[in-house]
Amino acid sequence: MQVTWRSPSNIAIIKYWGKHGNQLPNNASLSLTLSNASTETSLKLLRKRSKKEIEVDFRFEGEKNPAFAEKITTYITSLHKEMSWLSTHRLQIHSSNSFPHSAGIASSASSMSALALCLLSTDVMQGRKLKPEQFFSVAGNYARLGSGSACRSVFPGFALWGKTDLIETASDKTAIPFPENYHPDFEEMQDSILIVHAGEKPVSSRAGHALMRTHSMADQRYANAHTRLKTLIQVLRSGDWETFCSITEAEALELHALMMTSDPSYILMRPNTLAIIEKIRHFRADTKIPLCFTLDAGPNVHVLYPWFVKKEVRNFIQSELLEFCAKKKVIYDQMGRGPVQVME
């Protein structure tokens with residue numbers, strides 16, 4: 001028995017930073033699901049060769065990766081009570097990315113959502129009764145247990161995760177698709193990911209979340225996120241790209257300000273990150289073209305812009321921003337339609 005899913009990464013517009021309990025967010029977040037930046041994961045059940053409770057053979061991009069394998073085994077073991085077949089088979093898991101892992105492009109979101117979808121699909125094939133409309137919500141809950149933001153990758157377009165009085169159906173346990181119609185100007189949103197540094201970042205997101213427990217600005221951060229989310233919901237309805245850019249950039253800079261003012265503090269941005277930000281702001285001021293930057297927990301820059309200015313923005317990236325990218329690497333991406341099952 002084998003199942004394969006390809007699941008996308010996502011980029012948060014309203015950031016989630018800080019958590020409690022078992023992977024529960026301290027504030028609601030809203031993200032854009034991508035298309036090209038994705039992880040493809042295959043799960044195959046084999047006869048067991050030992051008496052180990054959980055036996056996992058994990059390979060990343062064709063090679064054994066002990067660090068990833070340990071994380072995956074721990075995650076799968078935590079689901080054993082809900083999926084008893086996990087201990088009666090040997091699990092062969094192969095995973096690969098279309099983009100650099102651990103560099104601040106939410107590789108954990110795409111990888112853990114792909115794995116959660118494989119596990120739930122296998123569980124259904126093993127006899128679990130689940131209504132079709134429940135599938136992705138349950139998969140999001142499992143994905144969250146592996147990596148919080150992974151639950152947002154299970155849904156297309158804009159996804160919301162975290163309980164908030166602004167959206168009645170929002171939940172801490174899983175993400176939901178943005179529950180309202182958004183303006184056509186936000187359809188097919190473009191995201192060009194400028195790879196400033198493709199190596200593994202020195203401080204993991206997990207460690208960064210933990211530092212929020214004692215951060216002196218934590219309460220203000222969560223209040224800011226709520227206020228910006230409220231405004232962003234209105235912006236998505238109206239098509240106001242100017243305010244969208246203002247909110248998006250404020251969220252990105254505040255995220256990194258929290259890192260720089262934590263104890264201990266750390267910096268994930270690189271000099272070329274700041275150079276790109278400055279270029280983007282000058283270009284927007286000079287041309288009045290709607291584009292903005294955002295950052296995940298890493299040095300790489302996501303350039304967001306509407307589809308109808310794609311030619312102008314990509315010409316700008318090619319002519320003025322490539323020099324700041326490692327090996328002139330750019331991933332041209334866009335709003336995605338969510339994960340897909342790859343048929344064998």
Side-chain angles (χ1 to χ4, degrees), residues 9-32 37 39 67-68 70-72 74-75 97 99-113 143-153 159 161-162 172 175 193-226 228-229 247-274 277 293-302:
S9 180
N10 69 77
I11 179 65
I13 310 301
I14 302 297
K15 310 295 186 182
Y16 131 75
W17 201 241
K19 57 188 176 182
H20 64 279
N22 190 6
Q23 296 285 83
L24 300 173
N26 286 352
N27 67 274
S29 59
L30 188 142
S31 65
L32 173 71
T39 299
F68 285 5
E70 182 180 1
K71 180 180 179 180
I72 295 298
T74 300
Y75 167 66
N97 283 0
F99 60 96
H101 71 84
S102 302
I105 315 179
S107 59
S108 62
S110 58
S111 61
M112 296 310 295
S113 58
R144 169 187 62 84
L145 296 173
S147 173
S149 59
C151 66
R152 298 190 306 242
S153 285
W161 173 42
D172 281 351
I193 310 169
L194 310 185
I195 308 300
V196 172
H197 180 67
E200 188 168 347
K201 58 190 179 185
V203 179
S204 69
S205 294
R206 186 178 296 272
H209 283 293
L211 290 172
M212 286 300 292
R213 294 172 191 156
T214 57
H215 203 295
S216 60
M217 289 184 269
D219 290 342
Q220 185 61 54
R221 160 61 199 154
Y222 303 137
N224 290 349
H226 182 272
R228 291 185 187 129
L229 178 59
I247 291 172
T248 299
E249 294 184 354
E251 278 289 292
L253 294 175
E254 186 165 278
L255 171 66
H256 283 261
L258 291 166
M259 299 174 192
M260 290 187 278
T261 53
S262 64
D263 185 15
S265 65
Y266 60 102
I267 299 173
L268 295 184
M269 287 192 288
R270 298 292 182 94
N272 280 0
T273 306
L274 296 173
I277 288 173
F293 67 85
T294 189
L295 307 165
D296 212 326
N300 301 314
V301 182
H302 293 249

Over all atoms of both residues, closest heavy-atom pair of Asn26 and His20: OD1-ND1, 2.8 Å
Give me the atom names and distance for the closest heavy-atom approach of Ser149 to Asn10. O-ND2, 3.2 Å
Are Leu211 and Ser265 close enough that some pair of their side-chain heavy atoms sits under 4.5 Å apart? no
N/O donor-acceptor pair under 3.5 Å between His256 side chain and Asp296 backbone: yes
What I'd like to find out is whether the side chain of Lys19 reaches to under 4.5 Å of the side chain of Arg206, using heavy atoms alone. yes
Please lay out, stage by stage, how Ile72 and Met112 fare under the test side-chain contact (heavy atoms from CB on, under 4.5 Å). CA-CA 9 Å; Ile72 295 298; Met112 296 310 295; 4.0 Å; yes
Looking only at heavy atoms, the pair that brings Ala143 and Ala150 closest together is O-CB, 3.7 Å
Using side-chain heavy atoms (C-beta onward) and a distance below 4.5 Å, is His209 in contact with Trp17? yes
Do Thr39 and Ser111 have side-chain N/O donor and acceptor atoms under 3.5 Å apart? no
Show the nearest heavy-atom pair for residues Ala218 and Met212, with the distance to one decimal. CB-O, 3.7 Å
Got a second to check how far Asp219's CG is from Asn224's CG, nearest 0.5 Å? 11.0 Å
Measuring only between side-chain heavy atoms, which start at C-beta, is Leu30 closer than 4.5 Å to Leu229? yes
To the nearest 0.5 Å, atom CD1 of Ile277 lies from atom CG of Asn272 at 11.0 Å
Hey, is the main chain of Leu258 close enough, under 3.5 Å, to the side chain of His215 for a donor-acceptor pair? yes
Report the distance from atom CD of Gln23 to atom CG of Asp172, rounding to the nearest 0.5 Å. 12.0 Å
Do the side chains of Pro202 and Leu268 get nearer than 4.5 Å, heavy atoms only? yes
Taking everything shown except Leu274 itself, do over 12 heavy atoms lie less than 6.0 Å from its CG? yes
Arg221 vs Lys15 side-chain heavy atoms within contact, under 4.5 Å: yes
How far does CZ of Arg152 sit from OG of Ser9, to the nearest 0.5 angstrom? 9.0 Å
Taking the side chain as every heavy atom from C-beta outward, state whether Arg228 and Glu251 have any atom pair closer than 4.5 Å. yes
Using 0.5 Å steps for rounding, measure from the CD1 atom of Ile11 to the OG atom of Ser31. 8.5 Å
How long is the straight-line distance from OG of Ser107 back to CZ of Phe68, given to the nearest 0.5 Å? 6.0 Å
Between Ala252 and Leu295, which heavy-atom pair has the shortest distance, and what is it? CB-N, 3.6 Å
Show the nearest heavy-atom pair for residues Pro25 and Trp161, with the distance to one decimal. CD-CZ2, 3.4 Å
Are the side chains of Val196 and Met269 in touch, meaning some heavy atoms are under 4.5 Å apart? no
Within the distance-only criterion (no hydrogens, no angle test), does the side chain of Thr273 pair as donor or acceptor with the backbone N or O of Pro299 below 3.5 angstrom? yes
